[in-house]
Chemist: 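Would you mind keeping the following structure in view while I ask a few things?
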There are 2 protein chains.
Amino acid sequence: MALKDRPDVSVLTEIGIISQLSNAALERSLPEGMSAAQFGVLTHFMRRGGEESPAKLAAAFQVTKGAMTNTLQRLETQGFVRVVADEADGRKKRVSLTEAGARAYEAGLMALRPRMEGLRGAFTDAEFAAALPFLQGLRVWMDENR
Amino acid sequence: MALKDRPDVSVLTEIGIISQLSNAALERSLPEGMSAAQFGVLTHFMRRGGEESPAKLAAAFQVTKGAMTNTLQRLETQGFVRVVADEADGRKKRVSLTEAGARAYEAGLMALRPRMEGLRGAFTDAEFAAALPFLQGLRVWMDENR
DNA sequence: GGCCTTTCATTCAACGTTGAACCAATAACA
DNA sequence: TGTTATTGGTTCAACGTTGAATGAAAGGCC
């Protein structure tokens, strides 16, 4: 009784559920065969462009290298990403977006649009913005104290 | 550039990371062999006591019936939970906590304590409480619009 | 130069989850 | 009543993830 009624536990519980629901909604909206992880990588390249090593991508997405190897292989199989060896450093690879990858990103974005609009109709930008500092602080703390 | 800077997307991104970190921290703190899902079920019974059907547990934890079958089987294997057929309704089963289950819960709670105290040292109850209404609203909305 | 350490990427088994198929038991209804 | 629909639980393949092991390449240091 003391446990779940504490606000910190409640916050983490709600966050867990929201994360699950949001991820499920994302994967349901996305075109067949594109996972949330794959869409995240495409988004990364659309924003930043250029090339990135698998290790940096894994760090950016808070995911193990093994997991990133997996999603990059799936992206490459679909032709959404190009992976070449880094001739300057034999350990590294350089990943970059293909034209097909950019198109896949756009398609995913379109498929996502109705759901995102629904969300923005239910809550204001101000509400999201107001919640953000605390969430960021919480994320940073959990990241530093893992 | 327009996408990830929007507060709604940022909120969901932060929530996803927090969820992952919090779940990982939970499983790392818990005694060997006890998953977050299992601990959640134990917590449920410690709070509410009595008996519950697998279907109700699945609904309470927002999880498929198959997933709940899995965690209940693992709990039963460890002797933390008792599962009997419901003689009043041949489809149902009745799940209840064992003494060993109660002890396992207490052990998990103890193992969790230092981390929870660290969290409550870094943020105040008021901060968690302030964030809660928005998170609950968001959870309810995503639940209704899935 | 040689040795130790670190970094990068891959592979593999294990886990928890989903979604679908399935069967048994009950409920609803003609 | 008999038939159909719904509910409860299990099983299975597939997915994404972790964590650990492996190997190759580069860096640090004497």
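What you are looking at is a predicted structure, and each value in this text was computed from that prediction instead of being measured. Sequence lines set the chain letters: A, B, ... in the order given, protein chains first and strands last, and positions in each chain run from 1.
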Chemist: What's the CZ-P distance between B:Phe39 and C:dC15, to the nearest Å?
Modeler: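 My rounded result for the distance is 20 Å.
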Chemist: So does B:Lys92 reach the base of D:dG8 with its side chain, donor to acceptor, closer than 3.5 Å?
Modeler: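 Flag unset: no donor-acceptor pair detected.
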Chemist: Nearest to the side chain of A:Ser53, which nucleotide is it out of C:dG16, C:dA9, D:dA26?
Modeler: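 Selected nucleotide: C:dA9.
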Chemist: When the distance from CG of A:Asp86 to P of C:dT10 is rounded to whole Å, what number comes out?
Modeler: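 Spelled out: CG on A:Asp86 to P on C:dT10 is 13 Å.
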Chemist: Looking only at side-chain N and O atoms, does B:Gln73 come under 4.0 Å of OP1 or OP2 in D:dT11?
Modeler: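 Affirmative; the distance criterion is met.
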Chemist: C:dG16 P sits how many Å from A:Asn23 CG, rounded?
Modeler: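 Distance, rounded to whole Å: 18 Å.
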Chemist: Report yes if at least one side-chain N or O of A:Ser35 is closer than 4.0 Å to OP1 or OP2 of D:dG16; otherwise report no.
Modeler: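 Yes, because at least one side-chain N or O of A:Ser35 sits under 4.0 Å from OP1 or OP2 of D:dG16.
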Chemist: Starting from P on D:dT11, measure out to CG on B:Leu72 and report it in whole angstrom.
Modeler: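 Checked: the CG to P distance equals 12 Å.
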Chemist: Applying a 4.0 Å non-hydrogen cut-off, can you work out what B:Gly90 is touching in the nucleic acid: base, sugar-phosphate, or nothing?
Modeler: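 The residue B:Gly90 makes sugar-phosphate contact but no base contact.
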Chemist: Could you check whether B:Asn70 gets within reach of a base, just the sugar-phosphate, or nothing at all, counting any heavy atom under 4.0 Å?
Modeler: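 Touches a base.
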Chemist: Under 3.5 Å, is there any donor-acceptor pair linking the side chain of A:Lys65 to the base of C:dA9?
Modeler: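 In this structure, the two groups form a donor-acceptor pair.
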Chemist: Given C:dG16, is OP1 or OP2 found less than 4.0 Å from the side-chain N or O atoms of B:Arg74?
Modeler: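 Indeed, a polar side-chain atom of B:Arg74 lies that close.
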Chemist: Indicate the ring-plane relationship of A:Phe128 and B:Phe134, choosing parallel, tilted or perpendicular according to the 30° and 60° boundaries.
Modeler: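 Perpendicular: the ring planes of A:Phe128 and B:Phe134 meet at over 60°.
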Chemist: Select from A:Met34 and B:Arg28 the residue whose nearest nucleotide in DNA chain D is closer to the 5' end of that strand.
Modeler: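 The 5'-side residue here is A:Met34.
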Chemist: Round to the nearest Å and state the distance from A:Glu52 atom CD to C:dA9 atom P.
Modeler: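 Spelled out: CD on A:Glu52 to P on C:dA9 is 11 Å.
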Chemist: Just the rounded figure in Å: distance from P of C:dA9 to NZ of A:Lys56.
Modeler: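 For the pair A:Lys56 NZ and C:dA9 P, the rounded distance is 10 Å.
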Chemist: On the 0 to 90° scale, with breaks at 30° and 60°, tag the A:Trp141-B:Phe123 ring pair as parallel, tilted or perpendicular.
Modeler: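 Aromatic pair A:Trp141/B:Phe123 classed perpendicular.
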Chemist: Report yes if a side-chain nitrogen or oxygen of A:Gln62 is closer than 4.0 Å to either non-bridging phosphate oxygen (OP1 or OP2) of D:dT17; otherwise report no.
Modeler: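 Answer is no, no contact under 4.0 Å.
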Chemist: Would you compute the distance between atom CZ of B:Arg103 and atom OG1 of B:Thr98 and round it to the nearest 0.5 angstrom?
Modeler: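 Going from CZ on B:Arg103 over to OG1 on B:Thr98, the span is 7.5 Å.
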Chemist: What's the closest nucleotide to the side chain of B:Gln20 if the choices are D:dT6, D:dT17, C:dT10?
Modeler: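 In terms of side-chain proximity for B:Gln20, the closest of D:dT6, D:dT17, C:dT10 is D:dT17.
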Chemist: On DNA chain C, nearest-nucleotide positions of A:Met68 versus B:Glu87: which is more 5'?
Modeler: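 Upstream on the strand: A:Met68.
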Chemist: Taking only the side-chain nitrogens and oxygens of B:Thr64, find out if one of them lies under 4.0 Å from OP1 or OP2 of C:dG19.
Modeler: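 So the side-chain polar atoms of B:Thr64 never come under 4.0 Å of the phosphate oxygens OP1 or OP2 of C:dG19.
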Chemist: Of the candidate nucleotides C:dT10, C:dT18, D:dT18, which contains the atom at the shortest distance from the side chain of A:Ala67?
Modeler: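 Of all the options, the side chain of A:Ala67 is nearest to D:dT18.
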Chemist: Which residue in the set A:Thr77, A:Thr71, A:Asn70 passes side-chain hydrogen bond (donor to acceptor under 3.5 Å, both in side chains) when paired with A:Arg74?
Modeler: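 Of the listed options, the one satisfying the test is A:Asn70.
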Chemist: Rounding to a whole Å, what distance do you find between B:Arg94:CZ and D:dG8:C1'?
Modeler: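 Distance check: B:Arg94 CZ to D:dG8 C1' gives 15 Å.
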Chemist: Please figure out whether A:Thr71 or A:Ala88 has its closest DNA chain D nucleotide nearer the 5' end.
Modeler: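 With A:Ala88 and A:Thr71 compared, the 5'-side residue is A:Thr71.
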Chemist: Distance check needed: C:dA9 C1' versus A:Glu76 CD, whole Å only.
Modeler: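 Result: 13 Å.
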Chemist: Would you mind telling me which of D:dT7, C:dG16, C:dT10 lies closest to the side-chain atoms of B:Ala37?
Modeler: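 Nucleotide nearest to B:Ala37's side chain: C:dG16.
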Chemist: CG/B:Leu12 to CG/A:Leu21 distance, rounded to the nearest 0.5 angstrom?
Modeler: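 Interatomic distance, B:Leu12 CG to A:Leu21 CG, rounded to 0.5 Å: 10.5 Å.
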Chemist: Quick one: pull up CG in B:Leu109 and CG in B:Leu30 and give me the separation to the nearest 0.5 Å.
Modeler: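 Rounded to the nearest 0.5 Å, the CG-CG separation comes out at 9.5 Å.
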